[in-house]
Every structure is written in structure tokens, then in C-alpha cells.
Amino acid sequence: MYLILFDCDGTLIDSQDTIVSGMEAAFSAVGLAPPPRAACLGIVGLSLEVAIDRLVGDAERHLVQEMADAYRASKVAERKAGGGQDPLYPGARAAIEALNARDDVLLGVATGKAYRGVEHMVEVHGLHDRFVTVQTADRAPSKPHPGMILQAMEETGARPENTVMIGDTSYDMAMAKNAGVAGIGVSWGYHARPLLTQAGAAAILDEFADLVPELGRRFGWHAEEVA
């Protein structure tokens with residue numbers, strides 16, 4: 001069995017506006033000026049407390065938990081109001097469905113989101129029963145610690161050589177390397193191609209249509225199987 005793990009933010013869904021607005025709420029809650037948009041997107045992929053800790057200075061580090069709580073509260077309120085419906089990237093659904101149709105492939109998620117954030121994504125986009133393992137920042141150490149991938153392999157019985165992590169940040173690629181699995185980067189997310197390469201990406205995709213063929217080459221699937 002092959003285990004294909006997806007990051008969420010910047011890989012499956014374009015959530016940059018949601019993340020930036022959440023950081024604005026977090027910083028405003030403690031009377032601090034929000035960081036620039038580029039800085040907010042640079043920490044995407046890390047668990048929330050770790051991400052905020054990276055953005056604040058030493059003098060405000062004691063405010064991290066309060067800020068994280070404010071971020072989460074803003075997202076809960078946003079979803080209750082019908083917002084927070086971040087779009088899938090072009091081709092994401094087709095790639096998920098193509099892989100899900102294979103009897104020898106298991107799909108999973110490994111993300112800096114909280115578990116309820118993944119549940120929201122699944123509900124919004126009708127991806128029920130697609131992911132057999134879901135690893136989140138509130139159930140495992142933050143990337144680039146390998147915990148999420150190791151837990152996913154343990155849950156599914158997949159071997160490292162048959163496991164791939166798909167992500168848009170250097171944190172995803174470093175997590176894959178730390179777990180002893182291949183990391184495949186995507187160029188449409190929040191970290192630039194050189195960062196993905198430096199972090200150990202085995203390949204970098206420019207569109208979702210390239211994913212299944214790339215996996216076919218990696219795993220030796222026959223041409224008719226990846227068409």
C-alpha cells in the first residue's frame with residue numbers, strides 16, 4: 001500500500017486571506033501591530049503557537065497563548081458566520097479522486113491546522129471518506145518534527161519507502177526528511193522553490209495535474225494506471 005499525505009494550507013487550499021486575518025485578530029487582541037502579510041505567510045505550516053512565537057519579539061513572548069486563543073476564536077466566529085471557505089487549488093479535487101480510486105493507495109493529511117480546521121475543510125469541499133488518517137498540530141508536535149508522518153504510517157501500516165509527503169513549505173519537506181520518507185513540493189503555495197529544494201524536496205510540481213504522473217514514476221506504476 002502507498003500512503004500519500006497532503007498538507008492543507010498552501011497545498012490543497014488557498015487559505016492565505018484566512019490566515020492573515022487570523023493573525024491580525026491575534027495581534028490586535030493584545031494591542032500589537034500585525035506583521036506584514038509576507039511574514040504571516042512565511043510561518044504557514046507550523047502549529048499556531050509556534051508560528052506566533054516566530055512572529056513576536058522576545059518582549060511579547062509571554063502573550064503567545066493569549067494571541068493563539070484570539071486567533072482560534074476569530075476563526076470559530078468566522079465559520080459560524082458562514083465564512084472561512086477557502087478554495088481548493090485548481091486540480092486538487094481531480095488528483096484526490098484519481099488517487100482515491102486506486103486500490104493500492106491510502107490518502108492522509110498532515111497539517112499545522114487543528115483537527116476541527118480539517119473537519120471544516122472536508123465539510124466545505126465534500127471530501128468525506130477520502131482521508132484515512134488525519135494528523136494535526138493539536139495531536140502531534142509541530143512540523144518539522146516527524147511525528148505526524150510517523151503516526152500516519154503507524155495508523156495505516158505503510159512503509160517509509162511507500163510514503164510521500166506533499167507540501168508547499170520547507171517545513172513539510174524537512175518533516176518528510178526527518179521521517180525518512182520522500183517529500184514532493186508544490187510551487188503554488190507559500191514558500192519559494194529554492195526553500196523547498198534546500199529542505200530536501202525530491203521533486204517540485206507546478207500544477208496538480210503533475211502529481212499522479214510523478215507518483216507513477218516514483219512507484220513504478222504502469223502508464224495505463226496513471227492515465
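Screening residues 114-171 for ring pair (Phe, Tyr, Trp, His ring centres under 6.0 Å), with sequence neighbours left out, gives Y171-H191. Contacts classified as ring pair (Phe, Tyr, Trp, His ring centres under 6.0 Å) and involving residues 1-21 (residues at least two apart or in different chains) are given here: Y2-F219, Y2-W221. Within the structure, every pair that satisfies the salt bridge (charged side-chain N to carboxylate O under 4.0 Å, His left out) test and touches residues 134-160, not counting sequence neighbours, is listed here: D7-K143, K143-D172, R159-E161.
Using a distance-only test at 3.5 Å, with no hydrogens or angles considered, no donor-acceptor pair links the side chain of W188 to the main chain of D206.
The hydrophobic cluster containing V132 also includes M1, L3, L5, L106, M148, I149, L150, M153, M165, M175, V181, under a criterion of side-chain heavy atoms closer than 4.5 Å among ILVMFWY residues, counted directly or through chains of members.
Not counting sequence neighbours, Q198 has no partner by the side-chain hydrogen bond (donor to acceptor under 3.5 Å, both in side chains) test. Residues that satisfy the side-chain hydrogen bond (donor to acceptor under 3.5 Å, both in side chains) test with Q151, not counting sequence neighbours, are Q135. Every residue two or more places apart in sequence or in another chain that forms a salt bridge (charged side-chain N to carboxylate O under 4.0 Å, His left out) with D53 is listed here: R61. Looking at residues two or more places apart in sequence or on another chain, you find a side-chain contact (heavy atoms from CB on, under 4.5 Å) between A182 and V164, R218. Taking the side-chain hydrogen bond (donor to acceptor under 3.5 Å, both in side chains) definition, one finds that K75 meets it with S21, E78, sequence neighbours left out. Scanning for side-chain hydrogen bond (donor to acceptor under 3.5 Å, both in side chains) contacts around S142 gives S47, with sequence neighbours left out. A199 pairs by the side-chain contact (heavy atoms from CB on, under 4.5 Å) definition with S170, M173, not counting sequence neighbours.
Of the charged side-chain nitrogens involved, none lies within less than 4.0 Å of a carboxylate oxygen, so that K113 and E119 do not count as a salt-bridged pair.
By the criterion of side-chain heavy atoms lying less than 4.5 angstrom apart, applied directly or through intervening Ile, Leu, Val, Met, Phe, Trp or Tyr residues, V44 is grouped together with M121 in one hydrophobic cluster.
Taking 4.5 Å as the limit, some side-chain heavy atom of I43 sits within range of a side-chain heavy atom of L55. Contact of the T18 side chain with the R79 side chain is not registered, since no non-hydrogen atoms from C-beta on lie closer than 4.5 Å. Using a 4.5 Å heavy-atom cutoff, the side chains of I184 and V186 are not in contact.
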Side chains of residues 24-40: which donor-acceptor pairs under 3.5 Å do they make with residues two or more places apart or in other chains?
| residue | atom | partner | partner atom | Å |
| --- | --- | --- | --- | --- |
| S28 | OG | E24 | O | 2.7 |
| R37 | NH2 | Q16 | OE1 | 3.3 |
| R37 | NH2 | D17 | OD1 | 2.5 |

